[in-house]
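Everything on this sheet refers to the single structure shown next.
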Protein chains: 2
Amino acid sequence: MDPLEASRCCSPLDEQLDAQLFRALGDPTRLQLLGCLAKCGRACSVTELSACCQVDFSVVSRHLAQLARAGVLTVSKQGRTVYYEVRYREVATAFRALARSLDQCRPKQRGTSCGC
Amino acid sequence: MDPLEASRCCSPLDEQLDAQLFRALGDPTRLQLLGCLAKCGRACSVTELSACCQVDFSVVSRHLAQLARAGVLTVSKQGRTVYYEVRYREVATAFRALARSLDQCRPKQRGTSCGC
DNA sequence: GCTAAATTTGCATGGTGGTGCAAGTATACA
DNA sequence: TGTATACTTGCACCACCATGCAAATTTAGC
């Protein structure tokens, strides 16, 4: 199969290769915040999280909002405090689904590429 | 646990949240190339792949090199033709490992966050 | 209502990255 | 040896983005 033909052929990959998601994860500061939040294991406020990295408070606020927009975090407001939490289940599921789709595309021994 | 403490506490996540990888996947053109290449299921030349997107040939060359640098593709030269192929197994493994690490951080019912 | 705390939102800035064109490099073929 | 093919690299340009500061917004507590 030609790559040009392959590009016109549908696969779950087309939706799973989400540029917005990967773009959100492609910044060191955002990854630091995500790692911090993930290892913490609970919902954290912007103030708490800003203690984890050296950038300005407003920058942290923007980064967290972006991660939430990408579907990596959830937001919940409690009084004047905003809590962010990792969407563990959803993110893990998305990555596993992507891995599965890649496996299905992978040509097995004498197999015929993905069945799309 | 405070997020600041959590940031100082080691986890497989620290290595799995690789900014270079996600950055490489964070561009629509690169994702198009990757999807095309993945669905194709075989090694493709730069010329073949440049037929899949509308950008200049040199841009495709650069994008493929970047994906290779990030560990997503492998390169192999045959004569004057350069073939790129998806590292199916490695990429899928990396994503599954990341999903697993996230799961381990996730607080179970009345559990105590990740055991790091 | 007033003040303080928590967060968001302009605004300006510096840097990085994606893109196209042209030139350069490497290899096959006659 | 010379020419064509496949690809890479230098260069310039433009857009977007991460950052910091300051002002604005929202909400709690007195």
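So you know, we letter chains A, B, ... as the sequences are listed, proteins then strands, and number each from 1. Every heavy atom of this structure was used, including side-chain atoms; hydrogens, water molecules and symmetry mates were not.
- Atom NZ in Lys77(A) sits about 8 Å away from atom P in dT26(D), given to the nearest Å.
- Place Thr47(A) and Gly79(B) on DNA chain C by their nearest nucleotides, and Thr47(A) ends up nearer the 5' end.
- If you measure from atom CZ of Arg80(B) to atom P of dA30(C), you get 10 Å, rounded to the nearest angstrom.
- Nucleotides of DNA chain D nearest to Val60(B) and Arg30(A) differ in position, and the one nearer the 5' end is that of Val60(B).
- Among the heavy atoms of the strands lying under 4.0 Å from Gln66(B) are primed sugar atoms or P, OP1, OP2 only; no base atom is included.
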**OP:** Please test Thr81(B) against Tyr83(B) for side chain to side chain contact (heavy atoms under 4.5 Å, CB included), starting from the C-alpha separation and ending with a verdict.
**Re:** CA-CA 6 Å; Thr81(B) 305; Tyr83(B) 290 99; 3.6 Å; yes

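- Ion pairing between Asp103(A) and Arg96(B) holds under the 4.0 Å rule for side-chain N and carboxylate O.
- For the pair Leu73(B) CG and dC7(D) P, the computed distance is 14 Å after rounding to whole Å.
- Residue-to-nucleotide contacts include a donor-acceptor pair under 3.5 Å from the side chain of Arg62(B) to the base of dG20(C).
- Remark: P of dT5(D) and CD of Gln78(B) are 20 Å apart, rounded to the nearest angstrom.
- Atoms CZ (Phe57(A)) and C1' (dT8(C)) sit 9 Å apart, rounded to a whole Å.
- Note on Val59(B): a base of the nucleic acid sits closer than 4.0 angstrom, heavy atoms only.
- Note: Cys44(A) SG to Leu64(A) CG = 9.5 Å, rounded to the nearest 0.5 Å.
- Residues Arg23(A) and Asp27(B) are not paired through a salt bridge, judged by the lack of any N-O separation under 4.0 Å between the basic side chain and the carboxylate.
- Here the straight-line distance linking atom CG of Leu98(A) with atom CG of Leu13(A) works out to 6.5 Å at 0.5 Å rounding.
- Here the C1' atom of nucleotide dA26(C) and the OH atom of Tyr83(B) are 16 Å apart, to the nearest Å.
- Listed nucleotides dA18(D), dC21(C), dC7(D) differ in distance to Asp27(A); the shortest reach to its side chain belongs to dA18(D).
- The residues Arg42(B) and Glu48(B) are annotated as salt-bridged, a charged nitrogen and a carboxylate oxygen being separated by less than 4.0 angstrom.
- Between Thr29(B) and dT19(C), a side-chain N or O to OP1/OP2 separation shorter than 4.0 Å is present.
- Look at NE2 on His63(A): it is 13 Å from P on dT8(C), rounded to the nearest Å.
- Relative to the side chain of Val82(B), the nucleotides dC7(D), dC21(C), dC21(D) differ in distance, and dC7(D) lies closest.
- For the pairing with Tyr84(A), the side chain to side chain contact (heavy atoms under 4.5 Å, CB included) check across Leu34(A), Val75(A), Val60(A) returns one residue only, Val75(A).
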Tabulated below should be each protein N or O lying under 3.5 Å from an N or O of nucleotides 13-16 of chain C; please produce it.
none

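- The nearest whole Å value for the distance from the CG atom in Leu67(B) to the C1' atom in dT8(D) is 16 Å.
- Between Thr81(A) and the phosphate of dT27(D), there is no side-chain N or O to OP1/OP2 separation shorter than 4.0 Å.
- The two residues Gly71(A) and Val91(A) make their nearest non-hydrogen contact at O-CG2, 4.2 Å.
- Put simply, the side chain of Ser58(A) and the base of dC21(D) share a donor and an acceptor less than 3.5 Å apart.
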